[in-house]
Amino acid sequence: MDRVFVCSCFGITEQQVKQHAESGACTPRQIASACKAGTDCGSCVRRIQALLGRGVPPRGELVTRPAATADTTRLDEAA
């Protein structure tokens, strides 16, 4: 059996992360609660996100958000 370690700090494999995900852990924080992966040095968190299908945009790439549609009228001008 070929073991691919995701978290070397706690010896957690890809298979273990996938098993926790199948059991309902759907965020890196929930994986950490289940097996401690990602709670020591943190270098495996991006890999855990990828295994969960929660990819992170590459560094330097901005995430665009819709502009706020709030009324820009100041309260003192409305009075």
Side-chain angles (χ1 to χ4, degrees):
M1 179 177 207
D2 193 23
R3 290 186 180 181
V4 178
F5 287 94
V6 173
C7 177
S8 58
C9 295
F10 295 104
I12 306 300
T13 64
E14 278 189 3
Q15 186 61 34
Q16 288 171 303
V17 171
K18 290 176 183 179
Q19 287 172 345
H20 289 300
E22 289 171 3
S23 297
C26 57
T27 66
R29 185 171 291 192
Q30 291 171 340
I31 295 292
S33 293
C35 64
K36 294 187 180 180
T39 61
D40 193 26
C41 77
S43 66
C44 60
V45 173
R46 287 184 182 264
R47 181 69 183 136
I48 293 168
Q49 288 174 323
L51 288 171
L52 296 173
R54 301 173 57 96
V56 178
R59 284 188 161 187
E61 189 174 307
L62 296 176
V63 176
T64 57
R65 295 185 179 149
T69 57
D71 186 9
T72 58
T73 306
R74 292 177 42 168
L75 291 176
D76 58 349
E77 292 176 350

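Side-chain atoms are counted along with the backbone in the values below, which use heavy atoms only and exclude waters and symmetry mates.
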> Please round to the nearest 0.5 Å and tell me the distance separating atom CD of E14 and atom CG of L51.
5.0 Å
> Under the side-chain contact (heavy atoms from CB on, under 4.5 Å) test, which residues partner C44, sequence neighbours left out?
V6, C7, I48
> Would you list the atom pairs, donor with acceptor, under 3.5 Å between side chains in residues 24-34 and any protein atom, with sequence neighbours excluded?
from	atom 1	to	atom 2	distance (Å)
T27	OG1	Q30	N	3.1
Q30	OE1	C26	N	2.6
Q30	OE1	T27	N	3.3
S33	OG	R29	O	3.2

> Listed by chain and number, what are the side-chain contact (heavy atoms from CB on, under 4.5 Å) partners of F5, not counting sequence neighbours?
R3, T13
> Would you say the side chain of C35 lies within less than 4.5 Å of the side chain of H20, judging by non-hydrogen atoms?
yes
> Side chains of I12 and K36: does their closest heavy-atom pair fall under 4.5 Å?
no
